[in-house]
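These notes concern the structure reproduced below.
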Number of protein chains: 2
Amino acid sequence: MVDHSVGKNVNQVVDSGKAIPDTPGFELPLLLFGAFRTLIDRLHARLAEEGHPDLRPAHGFAMQAIGTGGATASEVGRRLGVSKQAAGKTVDRLLALGYAERTDDPHDARRKLVRLTPRGRAALHRSAELFDELRAEWSAALGPDRVRDLEHALRTVVPRETAFRLDAGTWLSGA
Amino acid sequence: MVDHSVGKNVNQVVDSGKAIPDTPGFELPLLLFGAFRTLIDRLHARLAEEGHPDLRPAHGFAMQAIGTGGATASEVGRRLGVSKQAAGKTVDRLLALGYAERTDDPHDARRKLVRLTPRGRAALHRSAELFDELRAEWSAALGPDRVRDLEHALRTVVPRETAFRLDAGTWLSGA
DNA sequence: CGGAATGGTCAACCATGTTGTCGATCTTAC
DNA sequence: GTAAGATCGACAACATGGTTGACCATTCCG
């Protein structure tokens with residue numbers, strides 16, 4: 001696997017004002033993704049233990065998009081950056097798993113409001129708690145300041161809207 | 001969308017040795033993923049401009065797994081953490097796009113060596129350069145030290161093997 | 001030699017995404 | 001008040017990429 005043997009973190013050498021390349025750039029995305037993945041994997045491992053074995057990362061994002069107040073499939077789609085059809089399918093999945101329910105909107109016969117079930121709300125709430133715990137673990141391992149700085153750094157470098165897009169599956173593969 | 005209104009980055013307040021929660025934990029994965037995504041998106045935007053519009057993130061990972069020396073589909077599968085069949089399909093895709101080629105292994109009639117075509121090698125090489133450029137941009141925006149510390153922090157927090165797994169698509173969704 | 005591993009491929013199936021179409025239902029402009 | 005337009009949800013067809021399971025060919029090894 002690559003074996004460019006980035007190895008022991010070759011430290012940068014600043015020579016005469018000119019920086020010698022330290023870490024190859026391709027490590028950055030790998031680390032970012034690895035970190036993301038680690039967090040999500042651990043979250044779902046815990047959730048699975050606690051009675052949500054069928055919940056997948058994508059579902060968490062979708063539930064987040066539905067929110068406590070409920071939303072229509074189209075809205076969910078817009079929030080997640082996918083088509084309303086795709087959002088509809090995800091909602092179907094959530095329905096089947098018992099995390100959401102669909103109700104008619106009395107004010108607009110076209111719309112069907114998707115709401116989280118108590119189980120859905122519980123899972124969402126628990127996820128938030130677990131993420132806090134996970135962050136606390138990182139704080140313990142790295143020191144609170146470094147975690148904060150990491151967040152701050154990332155926040156300045158990633159465009160605000162980018163975070164929540166959830167066409168992730170397709171985005172990685174191809175469409 | 002959540003609207004816990006994390007807003008302006010509520011700074012932590014340390015009171016009497018007890019830390020008041022600053023950033024909600026769920027921001028961390030979002031930032032991590034957003035950062036990853038930003039990097040990859042920009043890479044592929046550039047690659048597309050430079051004549052590789054059909055290259056998807058997944059292909060980059062696969063080519064990385066094939067490496068300069070070539071590999072069999074099974075090996076690719078192992079490196080990427082997916083089944084040999086899945087790896088085979090991805091290789092097929094790469095073949096169709098002209099980034100790889102399949103040749104028989106003279107030493108072992110079972111194996112079929114997958115090798116990158118010149119075009120594939122060029123794309124891989126260019127990707128490495130672009131990643132370096134992207135990293136340099138981050139260094140300019142954040143300061144080289146912060147980027148290095150970010151990498152260092154992530155490296156201590158993500159298990160070594162996690163980085164390269166590329167069942168990512170499925171991993172996010174459900175399988 | 002002959003059985004176990006290994007490599008590649010086929011087939012069926014799942015989960016997600018996409019586009020296009022369509023009927024039903026607001027909304028808005030005349 | 002009504003007709004044109006926008007929006008919502010759903011269906012269908014299709015692409016990707018992942019999974020298992022089954023099979024055959026080949027190689028390795030006792």
Side-chain angles (χ1 to χ4, degrees), chain A residues 37 44 54-63 65-66 70-97 99-115 165-175, chain B residues 37 44 54-63 65-66 70-97 99-115 165-175:
Chain A
R37 183 176 181 134
H44 283 279
D54 292 331
L55 215 47
R56 316 252 82 239
H59 304 150
F61 281 84
M63 289 199 291
I66 293 170
T72 66
S74 289
E75 281 164 0
V76 171
R78 278 190 293 269
R79 290 176 190 175
L80 259 36
V82 300
S83 65
K84 59 184 181 177
Q85 292 92 330
K89 287 190 194 179
T90 301
V91 167
D92 285 344
R93 196 100 196 76
L94 248 24
L95 281 253
L97 293 173
Y99 289 99
E101 59 191 1
R102 235 195 286 254
T103 65
D104 288 333
D105 183 329
H107 302 307
D108 186 336
R110 291 169 307 174
R111 312 177 80 219
K112 295 198 178 158
L113 242 199
V114 179
R115 277 216 213 75
R165 306 217 45 219
L166 233 306
D167 47 333
T170 305
W171 165 75
L172 267 170
S173 338
Chain B
R37 183 178 181 133
H44 282 280
D54 292 331
L55 215 46
R56 314 252 83 239
H59 304 149
F61 281 85
M63 289 199 291
I66 291 171
T72 66
S74 290
E75 283 164 359
V76 171
R78 279 191 293 269
R79 290 176 191 174
L80 259 36
V82 301
S83 65
K84 60 182 181 178
Q85 293 93 328
K89 285 192 196 179
T90 301
V91 168
D92 285 343
R93 198 98 193 76
L94 249 23
L95 282 251
L97 292 173
Y99 289 101
E101 59 190 1
R102 235 194 287 254
T103 65
D104 288 333
D105 184 331
H107 302 307
D108 186 336
R110 291 169 306 176
R111 312 177 80 218
K112 295 194 180 161
L113 243 199
V114 179
R115 278 215 214 76
R165 306 218 44 221
L166 233 304
D167 48 331
T170 306
W171 167 76
L172 269 168
S173 339

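This is a predicted model, so every value here is computed, not measured. A, B, ... follow the sequence lines: proteins, then strands. Residue 1 opens every chain.
- The separation between B:Asp104 atom CG and D:dA25 atom P is 16 Å, rounded to whole Å.
- Of all heavy-atom pairs spanning B:Leu80 and B:Ala62, the tightest one is CD2-CA, 4.0 Å.
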Exercise. What's the verdict on side chain to side chain contact (heavy atoms under 4.5 Å, CB included) for B:Leu94 and B:Ile66, showing C-alpha distance, side-chain angles and the deciding distance?
Worked result: CA-CA 11 Å; B:Leu94 249 23; B:Ile66 291 171; 3.9 Å; yes

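- Place B:Ala87 and A:Glu75 on DNA chain D by their nearest nucleotides, and A:Glu75 ends up nearer the 5' end.
- Nucleic acid contact class of A:Ala86 (heavy atoms, under 4.0 Å, all strands): base.
- Just one residue in the list B:Arg79, B:Gln85, B:Lys84 forms a side chain to side chain contact (heavy atoms under 4.5 Å, CB included) with B:Ser74, and that residue is B:Lys84.
- Across A:Ala100 and A:Val114, no two heavy atoms sit closer than the pair CB-CG1, 4.0 Å.
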What does the list of N/O pairs under 3.5 Å between the protein and nucleotides 28-30 of chain D look like, with a distance for each?
none

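- Distance NZ (A:Lys89) to C1' (C:dT18): 8 Å, rounded to an integer number of Å.
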For this session: Could you check B:Lys112 against B:Asp105 for side chain to side chain contact (heavy atoms under 4.5 Å, CB included), going step by step and ending with a plain yes or no?
Result: CA-CA 5 Å; B:Lys112 295 194 180 161; B:Asp105 184 331; over 6 Å; no

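- Within the 4.5 Å cutoff, the side chain of B:Tyr99 has no heavy atoms near those of the B:His59 side chain.
- Atom CG in A:Asp92 sits about 12 Å away from atom P in D:dG9, given to the nearest Å.
- Taking only side-chain atoms of A:Ser83, from C-beta outward, the nucleotide of D:dG17, C:dT19, D:dC8 with the closest atom is C:dT19.
- Ranked by how close their nearest DNA chain D nucleotide is to the 5' end, B:Thr90 and A:Gly88 are led by A:Gly88.
- Distances shorter than 4.0 Å separate some side-chain N or O of B:His59 from OP1 or OP2 on D:dG17.
- Listed candidates were D:dT16, D:dC8, C:dG17. Nearest to the side chain of B:Arg93 is D:dT16.
- Counting atom types as modelled, A:Gln85 pairs a side-chain N or O with a base atom of C:dG20 as donor and acceptor under 3.5 Å.
- With hydrogens and angles ignored, no donor-acceptor pair closer than 3.5 Å exists between the side chain of B:Lys112 and the base of C:dG8.
- Across the protein-nucleic acid pair, A:Leu97 atom CG and C:dA15 atom P stand 9 Å apart, rounded to whole Å.
- Rounded to an integer number of Å, the gap from CZ of A:Arg78 to P of D:dG9 is 9 Å.
- Residues A:Ala71 and A:Ala65 approach most closely at CB-O, 4.4 Å, considering heavy atoms.
- Rounded to a whole Å, the CZ atom of B:Arg79 is 12 Å from the P atom of C:dG7.
- Under a cut-off of 6.0 angstrom, the local environment of CZ in B:Arg115 is sparse, with at most 12 non-hydrogen atoms contributed by other residues, nucleotides or ligands.
- Between B:Arg102 and the phosphate of C:dT9, there is a side-chain N or O to OP1/OP2 separation shorter than 4.0 Å.
- Straight-line distance from the CZ atom of B:Arg111 to the C1' atom of C:dG7: 8 Å, rounded to whole Å.
- Out of D:dT27, C:dG8, D:dA10, the shortest distance to the side chain of B:Ser74 is found at C:dG8.
- The NZ atom of A:Lys84 sits 10 Å away from the C1' atom of D:dA6 (whole-angstrom rounding).
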